[in-house]
Amino acid sequence: MHGDHHELIPAPRGLDVRDPSPGHVSLDEDTTLDAGPGTEGVARWLRSELGAATGFPFPPGSGRRGIRLRVAPEVEETYGPEGYRLSTTGSDDASAVVVEGGSAAGVFWGVQTLRQLLGPDAYRRAPVARDRRGWDLPPLTVEDGPRFGWRGLMLDVARHFLPKDDVLRQLDLLAAHKLNVFHFHLTDDQGWRVEIRRHPRLTVTGAWRARTKWGHRASPLWNDAPHGGFYTQDDIREIVAYAAERHITVVPEIDIPGHSQAAIAAYPELGNTDVVDTAALAVWDTWGVNPNVLAPTDATLRFYEGVFEEILDLFPSTFVHVGGDECPKDQWKKSPTAQARIRELGLADENELQSWFIRHFDRWLAHRGRRLIGWDEILEGGLAPGAAVSSWRGYAGGVTAAEAGHDVVMCPEQQVYLDHRQAPGEDEPMPIGYVRTLEDVYRFEPVPPGLSPEAAAHILGTQANVWTEVMENRDRVDYQVFPRLAAFAEVAWSALPASAERDFTDFERRMTVHYRRLDALGVRYRPPAGPLPWQQRPGVLGRPIEGAPPNV
Ligand code: ACM
């Protein structure tokens, strides 16, 4: 009767569709909204988003037709704080939609399910013509809760700046997929994107570059237009608050001690001035691993403490990401200052110098009630005591960290780097990296086999990562991220069977409805049949070089 409306993504734990009751369940202009204690923010979201799509006002109260939102301890006991129970009941003259959550977050995820049940038009920003029965709901009960507490997307806004409105839209897309962590990669060699009041040149100078490599790093082409941009502190506060209303935590990343050329271009004294003329450095205009890393001096530590003080003021997240990836040691090997530091601290080598950096900020953050997370290179030279690890070079770093009792977010590049191509061949726009199809992402397993139960308990969850070297705008980001983020969301949320037994055919069947939701949202996803002609940019732009490593 209701066709495909209950083709939910991510799949819920339990869905029980009852025989159609007498009467029916439906939303209309008289539908009331009764928000229990703690659910006022969810009600605000519902009125704003479902109000726009339906044109209905959802006045407060409990009328003949009503939506009721509640925080319910028994749901929390069974399905956790993010779990929910959604039930719809109807009789001849009344209908009720009840969403009970283990917390306000659970209620919010339940309301996301309600939106999916209402059909693709529930994702529009204004009502479209439809018949009177357009907002019917099937009589059903959904009981649900997530597999993992960390279900994330990392977005790199350093390689290409994504304007604030596009970031807010990305948060809407995460919420629609029940993803709850937005890892915000704010700094890199190619740009510094967050205003730091005590170090203004980070954005005055560091947010802009004169030109940009166009395509893969071996491409001979340049885009000669200046590129850049940054978020003011008020922009960041707005982004964080917008995310919080959607029960998404924004985890900021300030990448140290590598990936720092934009900062060094702004403040040359941060670099290894005894081996390079850092005053001659500009914000980087091409891709790859950059040799210009921070100098291991007290002045650098003080500078970044100042940066992190402002970051902590802006971002309430417990976890703060300090990067730590891809820090070449060549300059430290040549630098008398770095070598003196190694001797003075009694360190074995440059890897331990990197650990010294990270340990400093591990302690510094812990003193302020926060926790450090870094890419898996922070394992080299010894892991800081409180550190958590983003395992990106495969499972191995995450396994080592989890077995040593550290928390881990699994995000191996072989599986969930969404900048990587989604089909073989040269038709993908700027194809880079490993081929990872929608099905490959669907079959990704965040907990590696063979991990002991104690170690597995340290896998906080998983995130997909999106590096934007070859994504110069929101359309390109959409294309790389969707539809694969839908498969990823199901991996992160749903209790799926072992990888090989997953029912990809059923997922694809549900996706036929989900594509219509994405259409209503205006998402420019990769069509199932492959890129449309206007999406292709074949040739020299992106073709990987034979034998080169699979990153850009
Ligand atoms: C990374 O991909 N460099 C974390």
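As the structure lists them, so they are numbered: ligands from 1, and atoms in each ligand from 1.
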Between H183 and Q463: side-chain donor-acceptor atoms closer than 3.5 Å: yes
Verify whether the ring centers belonging to F308 and F315 lie closer than 6.0 Å. no
Atom 2 (O) of ligand 1: nearest protein contact (heavy atom, Å): Y417 OH, 2.6 Å
Under 3.5 Å: N/O of W392 near N/O of ligand 1: no
Quick test: of every protein heavy atom, which one is nearest to atom 3 (N) of ligand 1, and how far off is it to 0.1 Å? D325 OD2, 2.7 Å
Check whether NZ of the Lys or CZ of the Arg R211 lies under 6.0 Å from the centre of the six-membered ring of W222 and within 45 degrees of that ring's axis. yes
Looking at W109, is K178 sitting on its ring face, NZ or CZ under 6.0 Å from the six-membered ring centre and within 45 degrees of the normal? no
Are Y515 and F482 an aromatic pair by the rule of ring centers under 6.0 Å? no
Tell me the contacting part of E326 for ligand 1: side chain, backbone, both, or neither, using a 4.0 Å heavy-atom threshold, strictly below. side chain
So the atoms of ligand 1 within less than 4.0 Å of a heavy atom of W467 turn out to be 1 (C), 2 (O), 4 (C)
